[in-house]
Amino acid sequence: MSGIVGVHGIGKYDYYLRAGRSVPGAEAAMRRKWDRYLHAALGGETRPYFSEIAYFSHLLNDGADLGEAPKAAMELQAQEVLAGWARNLGLGEHVTGALKSVTGWLLDRLDERSAAFAKLFAPEVAAYLTDKGRREKCRQAVADVIRRNRPRIVIAHSLGSVVTYEALWACPDLEADLLVTLGSPLGMRHVVFEHLLPAPVGGRGERPPGVRRWVNISDKDDIAAIPPALAGCFTGVDAEELVNLDWIDFHTAEKYLGCPALGPHLRPFLA
């Protein structure tokens, strides 16, 4: 086992388009950036840290003409995700199912950065959680990369932490000495937590059996990482870090990978 496998989060379809709809091209471009971001946290000589980035965004954004009925269904599912997400922020908590039809009103209540984030977050999370075929393909893509590289460390950001969690549970042969989740929505009620596979038992999930140590890092203002601490929702979270990254870039991989809190958790496994 060696190296680090990364798993990306939302909003990474543009890597695929810029690489001419090439998964290897998208993965390589992202890996170069993630190596640079992580070097900011670890310091020392510049070197490649990531063996591979598990790329799955194209499986959620295939660009196909879905037709009016599937499009309408997808929009409704995204609205439901947005409504559940808004409840976690304390917006519209007293509004019933009618909230699904007033997402425009909801977005108008958010500031510019939050509204832009919501427009990325809701469709991709909805596509993953509600489309069985896409969900399985994403999980398999992540599992294949972990199996191929046999890394000591897996670093999963944003929605990637959800895909990784499910992939590790679905494939008992997968192992990692350290799982690091960054800006994770795994514990988000009404949106993610209740829909996880395997389903939480008695209101609690568990650390995947092949993972020996689990560290979760969340920014205090990250509106995807609600709740920021996962130990209240999952058994087996070994360490939590609440950080203050940036009031604007509260969810980017660049800020998370470069934060000083990450280094001490990685160094024992990189020696």
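Quick note: residue numbers are just sequence positions, from 1.
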Sorted by chain and number, sequence neighbours left out, ring pair (Phe, Tyr, Trp, His ring centres under 6.0 Å) with Phe193 holds for Phe234
Using the side-chain contact (heavy atoms from CB on, under 4.5 Å) rule, take Leu186 and Cys233 through it: C-alpha gap first, then chi angles, then the decisive distance, then the call. CA-CA 9 Å; Leu186 272 165; Cys233 306; over 6 Å; no
So which atom in Val162 and which in Pro185 form the shortest heavy-atom distance, rounded to 0.1 Å? CG2-CG, 3.9 Å
Flag side-chain contact, heavy atom, 4.5 Å: Asn88 against Arg189: yes
Could I get the full list of side chain to side chain contact (heavy atoms under 4.5 Å, CB included) partners for Ala170, not counting sequence neighbours? Arg139
Indicate if Leu270 and Ile217 have the same hydrophobic cluster label, given that clusters are the connected sets of ILVMFWY residues with side-chain heavy-atom separations under 4.5 angstrom. yes
Donor-acceptor contact present, side-chain Asp131 to main-chain Gly133, <3.5 Å: yes
Report the distance from atom CG of Leu120 to atom CG of Leu159, rounding to the nearest 0.5 Å. 11.5 Å
Report yes if the side chains of Val125 and Met188 come closer than 4.5 Å at any heavy-atom pair, otherwise no. no
Quick one: does Val154's side chain get under 4.5 Å of Val211's, heavy atoms only? no
Sole residue of Phe56, Tyr37, Tyr16 in ring-ring contact (aromatic ring centres under 6.0 Å, His included) with His8: Phe56
So which heavy atom on Val243 is nearest to which on Ala261, and how close? CG1-CB, 3.7 Å
Please check: side-chain N/O of Arg18 versus main-chain N/O of Tyr13, any donor-acceptor pairing under 3.5 Å? no
Salt-bridged, Arg212 to Glu175, with N to O below 4.0 Å? yes
Can you find a heavy atom in the side chain of Leu262 that is under 4.5 Å from one in the side chain of Val215? no
Rounded to the nearest 0.5 Å, how far does CG of Leu174 lie from CH2 of Trp169? 12.5 Å
Determine, for Arg147 against Asp173, whether the closest basic-nitrogen to carboxylate-oxygen distance falls under 4.0 angstrom. yes
Residue pairs passing the ring pair (Phe, Tyr, Trp, His ring centres under 6.0 Å) test with at least one member in residues 252-271, sequence neighbours excluded, are His157-Tyr256
Going hydrophobic residue to hydrophobic residue with side-chain gaps under 4.5 angstrom, can you get from Met30 over to Leu17? yes
Is Arg32 paired with Asp35 through a side-chain N to carboxylate O contact shorter than 4.0 Å? no
Under the 3.5 angstrom rule, does the side chain of Asp222 hit a backbone N or O of His251 as a donor-acceptor pair? no
Decide yes or no on side-chain contact (heavy atoms from CB on, under 4.5 Å) for Leu59 and Arg134, but give the supporting numbers first. CA-CA 6 Å; Leu59 301 172; Arg134 290 174 188 251; 5.7 Å; no
Can you see which heavy atom on Val7 is nearest to which on Trp34, and at what distance? O-CH2, 3.5 Å
Val81 vs Thr130, side-chain contact (heavy atoms from CB on, under 4.5 Å): CA-CA, chis, key distance, verdict: CA-CA 10 Å; Val81 166; Thr130 64; 5.7 Å; no
Before giving the answer on side-chain hydrogen bond (donor to acceptor under 3.5 Å, both in side chains), spell out for Ser161 and Ser184 the whole-Å C-alpha distance, their side-chain angles and the decisive distance to 0.1 Å. CA-CA 6 Å; Ser161 68; Ser184 175; 2.7 Å; yes
I'd like to know whether Glu27 forms a salt bridge (charged side-chain N to carboxylate O under 4.0 Å, His left out) with Arg31, so could you lay out the CA-CA distance, the side-chain angles of the two residues, the decisive distance to 0.1 Å, and finally the verdict. CA-CA 6 Å; Glu27 184 279 329; Arg31 177 160 35 91; 2.7 Å; yes
Locate the shortest heavy-atom distance separating Ala19 from Gly25; write the atom from each residue and the value. CB-C, 3.6 Å
Could you go through the side-chain contact (heavy atoms from CB on, under 4.5 Å) check for Ile155 and Leu257 one step at a time? CA-CA 9 Å; Ile155 300 179; Leu257 290 169; 4.0 Å; yes
Is it the case that the side chain of Trp85 and the backbone of His190 share a donor-acceptor pair, with hydrogens and angles ignored and the cut-off at 3.5 Å? no
Would you check if Ile153 and Asp177 make a side-chain contact, meaning some heavy-atom pair closer than 4.5 Å? no
Could you walk me through whether Glu124 and Asn61 pass side-chain hydrogen bond (donor to acceptor under 3.5 Å, both in side chains), step by step? CA-CA 8 Å; Glu124 292 206 357; Asn61 301 271; 3.2 Å; yes
I'd like to know if the side chain of Arg213 and the backbone of Gly236 have a donor-acceptor N/O pair within less than 3.5 Å. no
As an exercise, state the distance from NE2 of His58 to NZ of Lys12, rounded to the nearest 0.5 Å. 15.5 Å
Check: Glu206 main-chain N/O paired with Tyr165 side-chain donor or acceptor under 3.5 Å: yes
Nearest 0.5 Å, what's the OH-CG distance between Tyr49 and Leu38? 6.0 Å
For Pro227 versus Gly187, what's the shortest heavy-atom pair and its separation? CD-O, 3.2 Å
Straight-line distance of Asp238 CG to Leu178 CG, nearest 0.5 Å: 9.0 Å
Looking at Glu166 and Arg135, does any basic side-chain N land under 4.0 Å from a carboxylate oxygen? yes
Minimum heavy-atom separation for Pro228 and Ser218, please, with both atom names. O-OG, 2.9 Å
Roughly how far, to the nearest 0.5 Å, is the OH atom of Tyr55 from the OH atom of Tyr15? 9.0 Å
